[in-house]
Amino acid sequence: MTSPPTARDRAKAERADSLLHEAARLFAERGYSGVSLEDIGSAVGVSGPAVYRHFAGKQALLGAVLVKVSEDLVSGGSRVAESSWGDEERMLALIGFHVDFALTHADVIRVQDRDLAHLSDADRAEVRRLQRIYIDLWISALAPLHDVPADELRLRVQACFGLINSTPHSTRSAARSNRSTATILTAMARAALTS
């Protein structure tokens, strides 16, 4: 039996989460090469060397950001798919989940688009593995709605992701927080998948 986390354990986990959040924000603003560990540490009130208590370095921090977001997509998407009853409802729920994710995680999407090449080989392989799982989850949800080959289902799903994930590049923060943006994106994504 494991003992409950101590106050120190909780504080360390909160600091690591803060470092991940600020690293994603700074990488999105300046790019991986334009950010130092000092910048990231300073954003959470610690020195650059103190970041090493949580992460092996800047590349490990980037890996943690992108692996975590990929894990969150797989776990969240799986929960959504499992809690939906009908085929159409499942697909709409997944679209809603991904639209919400894109609108609330714009920084991470920009980092993924621009800085994936800076990942270690192991982290890049893990991100790609998780992405395949997430794509396959969507393909499984779309398959009952379209009697087409698997390659076409994959094309539709990836094109839909491209549409939704372009939002951080094509909108300002205020537009992403406007509910009408989510409504428009959902309708467009549904049309892209089902046309």
Side-chain angles (χ1 to χ4, degrees), residues 1-80 96-135 161 164-179 181-182 185:
M1 185 164 143
T2 60
S3 57
T6 64
R8 184 170 187 234
D9 294 334
R10 286 191 299 276
K12 187 173 180 178
E14 288 171 10
R15 176 63 49 87
D17 285 345
S18 295
L19 286 166
L20 288 173
H21 176 77
E22 289 302 317
R25 183 183 66 78
L26 290 168
F27 292 151
E29 283 178 8
R30 302 183 208 164
Y32 177 80
S33 299
V35 177
S36 69
L37 280 181
E38 279 295 329
D39 297 330
I40 296 166
S42 177
V44 297
V46 300
S47 68
V51 175
Y52 286 108
R53 292 187 198 131
H54 304 277
F55 299 97
K58 188 170 80 165
Q59 187 181 46
L61 193 48
L62 176 66
V65 167
L66 294 182
V67 168
K68 181 181 184 317
V69 75
S70 298
E71 290 170 343
D72 290 349
L73 281 169
V74 169
S75 63
S78 296
R79 273 193 311 277
V80 166
F97 167 75
H98 198 90
V99 165
D100 182 61
F101 178 87
L103 294 176
T104 56
H105 294 81
D107 286 347
V108 178
I109 290 172
R110 291 202 327 259
V111 172
Q112 168 102 11
D113 289 348
R114 185 180 50 219
D115 294 319
L116 189 68
H118 295 289
L119 288 177
S120 68
D121 290 343
D123 283 339
R124 187 178 311 107
E126 180 63 3
V127 167
R128 293 295 191 209
R129 184 187 73 79
L130 291 163
Q131 286 175 334
R132 285 191 298 275
I133 292 170
Y134 188 62
I135 290 167
F161 289 170
I164 297 169
N165 290 346
S166 70
T167 308
H169 306 288
S170 61
T171 60
R172 296 191 191 287
S173 180
R176 289 193 297 273
S177 63
N178 188 325
R179 195 65 215 154
T181 302
L185 274 177

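Since the model is a prediction, treat every value here as computed from it, not as a measurement. Position 1 is the first residue of the sequence; numbering continues from there.
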If we ignore hydrogens and angles and just use 3.5 Å, is the side chain of Arg25 paired with the main-chain N or O of Asp107 as donor and acceptor?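 Not at all, since once roles are kept as given, no pair shorter than 3.5 Å links the two residues.
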Are the side chain of His105 and the backbone of Phe101 linked by a donor-acceptor contact shorter than 3.5 Å? yes
How about [X] and [Y]: do any of their side-chain heavy atoms sit closer than 4.5 Å?
X	Y	value
Arg128	Leu116	yes
Arg15	Leu19	yes
Tyr32	Gln59	yes
Phe27	Lys58	yes
Tyr134	Arg129	no
Leu37	Tyr52	yes
Val44	Ile40	no

Not counting sequence neighbours, which residues clear ring-ring contact (aromatic ring centres under 6.0 Å, His included) with His54? List them please. none
Please list, one pair per line, the donor and acceptor atoms closer than 3.5 Å that link side chains of residues 117-125 to other protein atoms, with sequence neighbours excluded.
unit_1	atom_1	unit_2	atom_2	d
Ser120	OG	Asp123	N	3.1
Ser120	OG	Asp123	OD2	3.4
Asp121	OD1	Arg124	NH1	3.1
Arg124	NH2	Ala117	O	3.0
Arg124	NH2	Leu119	O	2.7

[atom1]-[atom2] distance between [X] and [Y], expressed to the nearest 0.5 angstrom:
X	Y	atom1	atom2	value
Glu126	Gln131	CD	CD	10.5 Å
Asp113	Ile109	CG	CD1	7.5 Å
Arg30	Asp115	CZ	CG	13.0 Å
Leu26	Leu61	CG	CG	9.5 Å
Ser33	Arg114	OG	CZ	9.5 Å
Glu22	Glu29	CD	CD	8.5 Å

Between Asp39 and Ser36, does a side chain to side chain donor-acceptor pair (under 3.5 Å) hold up when you go through it step by step? CA-CA 5 Å; Asp39 297 330; Ser36 69; 3.2 Å; yes
Given Leu73, Val80, Leu103, the one that forms side chain to side chain contact (heavy atoms under 4.5 Å, CB included) with His98: Leu73
So, for Ala64 and Phe55, which heavy atoms are closest and what is the spacing to 0.1 Å?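 What the structure gives for the nearest pair is CB-CE2, 3.6 Å.
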Least distance between heavy atoms, Ala50 atom then Val46 atom: CB-CB, 3.9 Å
The test is side chain to side chain contact (heavy atoms under 4.5 Å, CB included); show your working for Val127 and Gln112 and say whether it passes. CA-CA 10 Å; Val127 167; Gln112 168 102 11; 3.8 Å; yes
Go through Ile135 and Phe161 one step at a time and tell me if the side chain to side chain contact (heavy atoms under 4.5 Å, CB included) criterion holds. CA-CA 9 Å; Ile135 290 167; Phe161 289 170; 3.7 Å; yes
